[in-house]
Amino acid sequence: MNARVAAAELLIAVMDRGRALEDALEETASFNALEGRDRAFARALVTAGLRRLGSVNTVLSRFLERPLPDTAYHGRALLHIGATQLLVLGTPAHAAVGETVEAANSLREARGFAKLMNAVLRRVSRDGPEIFASLPPGSDLPPWLYTRWRAAYGESAPRIAQALLQEPPLDVSVKDDASGWAERLFGTVTPTGSVRLASPAPIDTLPGFGDGAWWVQDAAAALPARLLGDMRGKRVLDLCAAPGGKTLQLAATGARVTAVDKSDARLNRLRENLARTKLSAEVIAADALEYRAREPFDAVLLDAPCTSTGTLRRHPDVAWLRRPTDVRSLAELQSKLVAAAAALLKPGASLVYAVCSLEPEEGEGVVADALKHGWKRETIRAGDVPGADEFITAAGDLRTLPAHWPEIGGLDGFYAARLVRN
Ligand SMILES: C[S@@+](CC[C@H](N)C(=O)[O-])C[C@H]1O[C@@H](n2cnc3c(N)ncnc32)[C@H](O)[C@@H]1O
């Protein structure tokens, strides 16, 4: 099976069938028939194609007299994959053009477009790079999303858009000895104590993975759990816990964790992660809106489902799968989840609310709503999370942006606030 055909079919699964790339990778037969380097190449191709989707399409549109017919799924996707190789990956023209045309000829669905592809890709290889390089920041985001970010983040919006174009580094959280693991993994320790690997390798081949010494977790995702402070021996509820990055963090510091999530499939991954890291937590499959505990908890971490627009560096497909209406409907759900958490806390205990979204409605908006409904903000202060002071907002919450830490490779966009019941 051809890696370009697989990449094109993954692109079709995301863009035409609305599947998340992670799911498409599991479901796409042409991809699953690939092994080793071909498999990695197909994945890299579709990821680059999605990350630069807007710019690649703009360049292609300059050389196409008219768009391909709506139903020309394979033709359109292969053309996109060919142009991605030329514009993003810098593949030499003879290889990118020749092999894309050959891939088209191998497919009944795309054969009719092989000649057109040959002509268009030749023009892309000659004149495309200059157009590609001249496109403004934000060209790779759906316009509705970039408009929102300009409204919310002003001058930082182009920097955020720019930061999303880079392949992100791989961060891991360690049980202990960050500097020792940084050395063993040829990485560095971030200002907030995550270990950052310069060149992502297949993780299960790295030292310490099998022994469960560390787990993959973006440096930003590692911050919310730490806002709870020292939870050794305390009962902590991790609401919306799977696949468990924050459960592992809390359990590793000695908290007695109850992990609740409504997805059985994702809870299985959480259980695997607990087993590998030899950490323990009580795992419960339940809807957080309905979950009731025998006893209230000393703290609750609510890492709510969200649009995930803070994670586009790793999941560029998400930008194209979300719709503007998702922001409001998720914000409504998030407010309900915060309200449901109230009954699960001991008097005076803290709730940390977190989302990996850059949309203010899902972060600051949900907290503003909570403040009207019996919650009080427990302001985050300098030093609460060592290394994270620059992320503290004027209101006393945390907000990370992909444009932060530009000199060491950025981090995901996250929002976190600490609340107590009035
Ligand atoms: C952002 S992810 C959580 C990531 C996790 N905290 C971690 O650190 O690995 C959100 C999770 O919320 C779960 N979820 C969504 N709606 C839920 C609900 N009503 N009740 C419980 N879990 C829910 C999803 O299954 C998903 O696993």
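Counting starts at 1 for both ligands and their atoms, following the listed order. Keep in mind the model is a prediction, meaning the values are calculated, not measured.
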[atom] [closest protein heavy-atom partner, distance rounded to 0.1 Å]:
atom	answer
atom 12 (O) of ligand 1	C240 CB, 3.3 Å
atom 2 (S) of ligand 1	R266 NH2, 3.6 Å
atom 16 (N) of ligand 1	P305 CG, 3.6 Å
atom 13 (C) of ligand 1	D261 OD2, 3.2 Å
atom 22 (N) of ligand 1	K262 N, 3.2 Å

Is any N or O atom of [X], backbone or side chain, closer than 3.5 Å to an N or O atom of ligand 1?
X	answer
D238	no
A304	no
L289	no
G245	yes
A288	yes
A242	yes

Any A286 heavy atom less than 4.0 Å to ligand 1:
yes
Any side-chain donor paired with an acceptor under 3.5 Å for S194 and D171?
no
Answer yes if the side chains of D412 and T311 hold a donor-acceptor pair under 3.5 Å, and no otherwise.
no
The option among K246, Q217, Q249 carrying the non-hydrogen atom nearest to atom 8 (O) of ligand 1 is K246
As a check for students: among D287, L330, L337, D303, identify the option with a heavy atom nearest to atom 1 (C) of ligand 1.
D303
Under 4.0 Å from one or more heavy atoms of S263, ligand 1 contributes atoms 25 (O)
Derivation of the ring pair (Phe, Tyr, Trp, His ring centres under 6.0 Å) call for F391 and W405
CA-CA 10 Å; F391 309 135; W405 288 357; 5.7 Å; yes
